[in-house]
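The structure under discussion appears below in the form of C-alpha cells.
Counting starts at 1 for both ligands and their atoms, in listed order. Everything numeric here is computed off the predicted structure, so don't read it as measured data. The first residue in the sequence is number 1, and the count goes up from there.
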Amino acid sequence: MRKTWWKEAVVYQVYWRSFFDTDGDGIGDLTGVIEKLDYIKELGVDVIWLNPVYTSPDKDNGYDISDYYHVMEKAGDMLTLERLVKEVHNRGMKLIMDLVLNHTSDQHPWFIESRSSKDNPKRDWYIWKDAKDGNQPNNWRSYFTPSSWEFDEKTGQYYFHSFAVEQPDLNWENKEVRNEIYKMMRFWSDKGIDGFRLDVINLLAKQKGFPDAENPLDLSYLGNNPGIHQYLQEMNREVLRHYDIMTVGEIPFVTPEDGLLYVDESRNELNTLFHFQIADDMPTWDMVRFKEIQEEWYSGLLGKGWNSQFLNNHDHTRQVSRYGNDEEHRIQSAKLLATLIHTLPGTPYIYQGEEIGMTGVRFDSIDDYKDIAMKNKYDEEVQKGRDPKEVLKSLQPLSRDNSRTPMQWDNSLNAGFTNGTPWIKVNPNYKTINVKEAIRNSSSVFHYYKKLIQLRKQNPVMVYGDYNNLSGNHKQLYMYTRSHDEVTWLIILNHSNNMLEVQLPAIVENPAKLILANYEDIPDLCLCDKLVFRPHEARVYEIVNKHGEMGLNV
Ligand code: TEU
C-alpha cells in the first residue's frame, strides 16, 4: 500500500467550545486552543481535527453553518484562526477542519432566499416538495425529529432536513450549489489547512422520488444513494486532488463493501472514513461483534483503502464509560482501550480528554443537558405520555453531552476550563481526573498515550502491519498479531474485570520482548506458554525469531 502521512498520523480531536476558555464567557475559543497547543504537542500527535468554527446560530453546536467564510464570534475571528493554523504548523503538526456540506443553517442567506418565494433563483438550492394527500411528502424521520419535512407557511411547500428543522439539506443535484461549495473548499485549502473531516458526507445524494420507507425508524434511506460517488469524484477533481490534504468522511450506514467505494484509492474520492458499525451495533461492549467488525473491515479494505479507528467523539459517550470500566479499573481500562485503538489497522483518533481517561456524566435534570438531539428526543417521548424521569434515565447513557463536558485541566474551580460560568456543567470528578495530575503522575493514562504515540512513529509495523486475530470468538480475550517486514507484534488484551489465564499461541515458541504494558511489574521476556492476566491488562510483545533476532515470519 502507498505510504502517506495521514496513514502514519495520530489525530487529536479538539471540540473547541469545551476545550479552553480565555475570555471568560464560559465557552472555549480559538485563542484557548492556541494556548494549549504545547500540551497537544507534548502528547506527540500529528494532526488536530477542529470541530466546526464557521458562523452559525449554533443550534447544533456549529453544525448549522450560516456563513462558510467567517468564524463564529464565540470561537474568535479569522485572524485568530489563521494564527492557529500557523502555530500548529510551527509545531510540526497539521490541522484539519470539520466541514458540513449536507446542510446549512436555516439562517444561511442561501436558505433565506430559497424560502422567500417559489420562483426565487435559489429555490432549487434546497429540497422543496408539495404535500402528498394533504400530508408530508413521505414518512421519513430525521436524525433529530419525528419528520424530515418542515412545512413552510409562506410558500405552502415542505423542505427537507436530515437533522434539525434549523438544518435544511442542500440540493446537491443543483450544479450551482456544487460549484459554490467547491469554491468555498478551495478558499479554505488555499489558506493552508491540511484537510477536511467531512460531516455525514454520504448523505449528499437523496433517494430518487423520495419513496416511503418500509421502516421509517431505520434511517439508512438517508445515505449512500445513487449519485453520491459522482459528487465525490467531482469534488476530488475540482478541489481535493489539487492539495496535499487529508480527507476523512463521516459515513454512517455502511458495511465494508459499500464503505470501500468511498476510500478505494483507485476511485479518487476520499482518503479514509469513520464508519459507525461499532457505535451502531454496540451500545455497550460486545467483544465477539467487535472482532467480527475488525475482521470484516480489515479484509474488506485490504490493499485498497484505509480505515480509521475510534471509539468515541463529540457525538458518542466517552469510551472508558461506554466500553470499559470507569470505576475501579478506570486507569487500566482506559489504557487497554488506547492500546486497542492504536494497534489495530487504521489511523487512530483521540477525542480530547480521552488521554486522561475522562468519563461520561449523569446530570440530574434535563435542563442541564444542552444537546439538541437529546432534548428533542426527550420532548418527543414525554409528549407521548411517558414518565419524564424514565425518559431522562433512558437517554442518559448515550447522550452526546457525555463527551461534551469541559476539558479537565486541574482541580481548581470549573476544572480550570473557564473563569466564567461554563456553557455546560463540568464533570464533578475533575478534582481527581485532570491534566495537571495526569502530567505529574508518570503512570497516568496520559503518559501511556504518549508512549503509544511515540511507538507508532518508530515502528511501521503499527501502521502497515498485517493483522491476524488469534483469539477466535473469545469473549474477554483479544489477542492478535501485526506483522510487517520481518517484525511481528503480539497484542494481548484482557477486556474484563476478572483474572484470565492466557494460553499463548504456537508462534510464541521463543522469548518475546515486552514493548508496552499497562501494569507495571511485567518482566521483559516471556518464556512460558501460559500467562495470567489481571483485569483490563494489556501487553504488547515483539516476537523474537529462532536466531535470536527480533521479528518472526508467522
Ligand atoms: O453527526 C452525524 C451523526 O449523528 C451520525 O454520524 C451518528 O454519529 C452515527 O450515525 C452513529 O449513530 C454529525 C456530527 O458529528 C454531529 O455533531 C452533527 O450534529 C450532525 O452530523 C449534523 O451535522
Side-chain angles (χ1 to χ4, degrees), residues 11 13-18 49-54 56-66 68 72 96-108 111 140-145 148 160-170 172 181 196-204 217-224 228 248-255 258-259 262 270 272-284 289 293 308 310-319 322-323 349 351-352 369-377 395 397-404 424:
V11 184
Q13 182 188 351
V14 173
Y15 196 64
W16 56 268
R17 73 186 57 229
S18 299
W49 150 22
L50 189 66
N51 283 94
V53 287
Y54 319 89
S56 161
D58 229 10
K59 295 283 179 199
D60 183 24
N61 292 6
Y63 286 89
D64 47 327
I65 300 171
S66 57
Y68 286 103
M72 191 190 308
I96 65 173
M97 306 260 301
D98 206 323
L99 194 52
V100 190
L101 306 178
N102 177 68
H103 45 272
T104 67
S105 159
D106 63 349
Q107 300 307 308
H108 195 294
F111 187 72
W140 295 2
R141 273 189 71 91
S142 83
Y143 267 90
F144 297 166
T145 56
S148 59
F160 180 73
H161 57 94
S162 298
F163 293 86
V165 170
E166 298 89 346
Q167 292 167 300
D169 283 35
L170 282 163
W172 270 74
I181 294 283
F196 297 109
R197 177 266 189 193
L198 294 165
D199 193 58
V200 285
I201 198 67
N202 60 330
L203 267 54
L204 303 184
L217 293 176
D218 172 3
L219 298 184
S220 55
Y221 44 80
L222 294 176
N224 310 305
I228 183 61
V248 48
E250 193 202 26
I251 307 201
F253 319 122
V254 282
T255 59
D258 12 83
Y262 293 88
L270 305 175
T272 178
L273 83 169
F274 297 129
H275 71 76
F276 290 91
Q277 285 209 298
I278 297 164
D280 290 343
D281 290 9
M282 294 174 35
T284 55
R289 182 68 191 123
I293 293 172
S308 293
F310 71 102
L311 286 174
N312 55 193
N313 62 29
H314 64 292
D315 293 332
H316 297 275
T317 301
R318 288 189 171 280
Q319 61 196 37
R322 182 172 177 184
Y323 291 137
Y349 290 72
Y351 176 65
Q352 69 182 41
Y369 286 92
K370 307 292 172 199
D371 170 30
I372 187 169
M374 177 177 183
K375 285 192 167 300
N376 283 3
K377 189 76 191 155
L395 295 177
L398 295 185
S399 160
R400 304 197 299 180
D401 285 337
N402 275 296
S403 57
R404 296 178 177 185
I424 185 168

### Task
May I ask you to decide whether D106 forms a salt bridge with K59, counting only side-chain N to carboxylate O separations under 4.0 Å?
no

#### Entry: Residue contacts for ligand 1, heavy atom to ligand atom, distance under 4.0 Å
D60, Y63, H103, Y143, F144, F163, R197, D199, V200, E250, P252, F276, D280, H314, D315, H316, R400, R404

### Task
Not counting sequence neighbours, which residues clear side-chain hydrogen bond (donor to acceptor under 3.5 Å, both in side chains) with D64? List them please.
S56

### Query
Does the gap between the ring centers of F276 and H316 come in under 6.0 Å?
yes

#### Entry: Partners passing salt bridge (charged side-chain N to carboxylate O under 4.0 Å, His left out) against D315 (at least two apart in sequence or in another chain)
R400, R404

### Query
Are F274 and F310 close enough that their ring centres sit under 6.0 Å apart?
yes

### Message
Restricting to side-chain hydrogen bond (donor to acceptor under 3.5 Å, both in side chains), what partner residues turn up for N202, sequence neighbours left out?
### Response
N224

